[in-house]
Protein chains: 2
Amino acid sequence: MAVSTTRRRGPGRPPKAEAGDTKGALVGVALKLFALHGYAGTSIRAIAREVGLSESVLYAHFDSKRAIYDETMKLVGPQVAVTALDAADPSADPADFIRMFADRVLAAWDTPQARQAISLITRDGLVHETAHTEGTERAIRHLAEVFARWIEEGRMRDDLGSAEDLAYALLSPIAHARLLWLHGGATEERRRAARDRVIRHADLFARTVTVGA
Amino acid sequence: MAVSTTRRRGPGRPPKAEAGDTKGALVGVALKLFALHGYAGTSIRAIAREVGLSESVLYAHFDSKRAIYDETMKLVGPQVAVTALDAADPSADPADFIRMFADRVLAAWDTPQARQAISLITRDGLVHETAHTEGTERAIRHLAEVFARWIEEGRMRDDLGSAEDLAYALLSPIAHARLLWLHGGATEERRRAARDRVIRHADLFARTVTVGA
DNA sequence: ATTATCTATAGATCTATAGATAATGC
DNA sequence: ATTATCTATAGATCTATAGATAATGC
């Protein structure tokens, strides 16, 4: 009765109407499968099958399995998330800045692609590659510079700890929530709980360490 | 000239003098290789070769590759780390308790096996399995109960946030430092920096939220 | 001529099993 | 007889390549 609507493709270049962004589709599917099963747990066969093409088509677009992996890292590597930090206004009221900063970071990290990135990162030991740890350190130092200015200006308490320790106290619970709960397989409910937790944390931190309002 | 000192083993049961804890050795090496390359990235061939035995010997001790993986999880699963939390004395001075608690947790998480566990966990997406996330949640709730008592007794500030939010503010930077820096491949220098950071954080937290001394 | 796909297959590896062999312990 | 190992191999799967085929765009 029911005949599959997906046209069986034969040999030869497909007509223009059917042609799509094969390379982009391959990268997207590869990211999804690497995130689900890890690099070694994903065969190029599985990638091609999911896209609906023959497995050898992959070698028309990439030199090797590794090359397609590298391509996914370009898309979702840590450099993507760092940009969110630079978008905030350090001249704003400290407490408000902190709350807005947390909001922004959450928005950047709770997109479908950012969550697939977390799944990939936590499936291939990439948490421990310098790209990820250095990225985290850089974000902490970056935030610490802002805090150091505030401390100098008397807008942040100076009796609790160094600017860097304070930056760690704010950022690391956010990064931790991301690693644990903002991943590809997380339910919407679980993700909302994580976002709420981060927002409460940022608020607690803002009220504790800033001066006046 | 130089002849290998490792006796080439032939067929047949080895003499008693040479017999060791083969099963234990297989599990230990499997944990190491899974931590290095992930489950799918580790062949039973590689495990057997590292132990110095034929690959088929693995099937004399385990039913399948999956069975040896399950065995490593019994050894280094999250239940191992949770025990450290129950060893502290909640009747101690809050600030001291917090510092000692951080010390204990660090000691439990900076052992070679605990670090291999982290590498394994971050190489197979186990961060997102309930065993790990639930274990983290349980530890937070457990600590929150202690904090709730302190708040009732007036030994901890009640104007900052709920006991659970405070528990998250203390614990999650510690758990985050563990995930990022207390892994199998971390240098001693990197690990010390992580431990120092955690100790400074616990101290900052203790001075900020506890009352009197 | 170039591009995008296919089929077919080489050659490497992987998990798992069958059956032999030699030491152990009853 | 049991235990702990070996060699040899079956059968599945994986990466990668060769060569055919058909639409496209000059």
Side-chain angles (χ1 to χ4, degrees), chain A residues 4-34 36-72 123-124, chain B residues 4-34 36-72 123-124:
Chain A
S4 168
T5 54
T6 54
R7 292 267 267 94
R8 178 80 176 79
R9 217 176 292 216
R13 184 174 189 163
K16 209 179 177 185
E18 290 176 30
D21 177 18
T22 299
K23 188 168 186 175
L26 286 169
V27 175
V29 164
L31 171 57
K32 174 182 154 189
L33 295 183
F34 288 149
L36 274 174
H37 311 115
Y39 177 77
T42 302
S43 64
I44 59 153
R45 193 162 299 183
I47 297 169
R49 193 185 304 129
E50 181 90 4
V51 173
L53 297 175
S54 158
E55 62 196 83
S56 66
V57 77
L58 202 139
Y59 291 95
H61 296 278
F62 302 95
D63 285 345
S64 63
K65 183 187 177 185
R66 178 75 198 183
I68 196 169
Y69 180 76
D70 293 343
E71 193 67 27
T72 66
R123 276 201 156 278
D124 275 295
Chain B
S4 167
T5 55
T6 55
R7 293 265 269 97
R8 178 79 176 81
R9 217 175 294 217
R13 184 174 188 162
K16 210 178 176 183
E18 289 176 32
D21 177 17
T22 299
K23 187 167 185 174
L26 286 170
V27 175
V29 164
L31 171 57
K32 175 182 153 191
L33 295 183
F34 288 148
L36 275 174
H37 310 116
Y39 177 77
T42 303
S43 65
I44 60 153
R45 193 162 298 183
I47 297 168
R49 192 187 302 128
E50 181 90 4
V51 173
L53 296 174
S54 159
E55 63 197 81
S56 66
V57 77
L58 201 140
Y59 290 95
H61 296 279
F62 301 96
D63 285 346
S64 64
K65 184 187 178 187
R66 178 74 199 184
I68 196 169
Y69 180 76
D70 293 342
E71 193 68 25
T72 65
R123 277 199 155 280
D124 275 296

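Residue numbers begin at 1 in each chain, while the letters A, B, ... track the order of the sequences.
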Please check if the side chain of B:Arg123 supplies one atom and the backbone of B:Phe34 the other of a donor-acceptor pair under 3.5 Å. no
The criterion is side-chain hydrogen bond (donor to acceptor under 3.5 Å, both in side chains); which residues satisfy it with A:Glu71, sequence neighbours excluded? none
Between P of D:dA22 and CG of A:Leu53, the distance in whole Å: 17 Å
The side-chain contact (heavy atoms from CB on, under 4.5 Å) partners of B:Ala25 (sequence neighbours excluded) come to B:Val51
Test salt bridge (Lys or Arg N to Asp or Glu O under 4.0 Å) applied to A:Arg49 - qualifying residues, sequence neighbours left out: none
Please enumerate all protein N or O atoms sitting under 3.5 Å from an N or O of nucleotides 14-17 of chain C, with distances to 0.1 Å.
residue, atom, partner, partner atom, Å
C:dT15, OP1, B:Lys65, NZ, 3.2
C:dT15, OP2, B:Ile44, N, 3.0
C:dT15, O4, B:Arg45, NH2, 3.4
C:dA16, OP2, B:Tyr59, OH, 2.7
C:dA16, OP2, B:Lys65, N, 3.0
C:dA16, O5', B:Tyr59, OH, 3.4

Heavy-atom closest contact (A:Leu26 atom, A:Ile68 atom, distance): O-CD1, 3.8 Å
Per-residue pairing states of DNA chain C in dot-bracket (Watson-Crick or G-U under 3.5 Å; . unpaired, | other strand) read ||||||||||||||||||||||||..
Could you tell me the separation between the CZ atom of A:Phe62 and the P atom of C:dT5, rounded to a whole number of Å? 12 Å
To the nearest angstrom, the NE2-P distance between A:His37 and D:dT13 comes to 15 Å
side-chain hydrogen bond (donor to acceptor under 3.5 Å, both in side chains) against B:Lys65, all qualifying residues, sequence neighbours excluded: none
Keeping to residues at least two apart or across chains, list the side-chain hydrogen bond (donor to acceptor under 3.5 Å, both in side chains) pairs with something in residues 36-45 of chain A. A:Arg45-A:Glu55
Please tabulate, for the side chains in residues 56-63 of chain A, all donor-acceptor contacts under 3.5 angstrom to protein atoms that are two or more places apart in sequence or on a different chain.
residue, atom, partner, partner atom, Å
A:Ser56, OG, A:Ser54, OG, 3.3

D:dT5 phosphate, OP1 or OP2: any side-chain N/O from B:His61 under 4.0 angstrom? yes
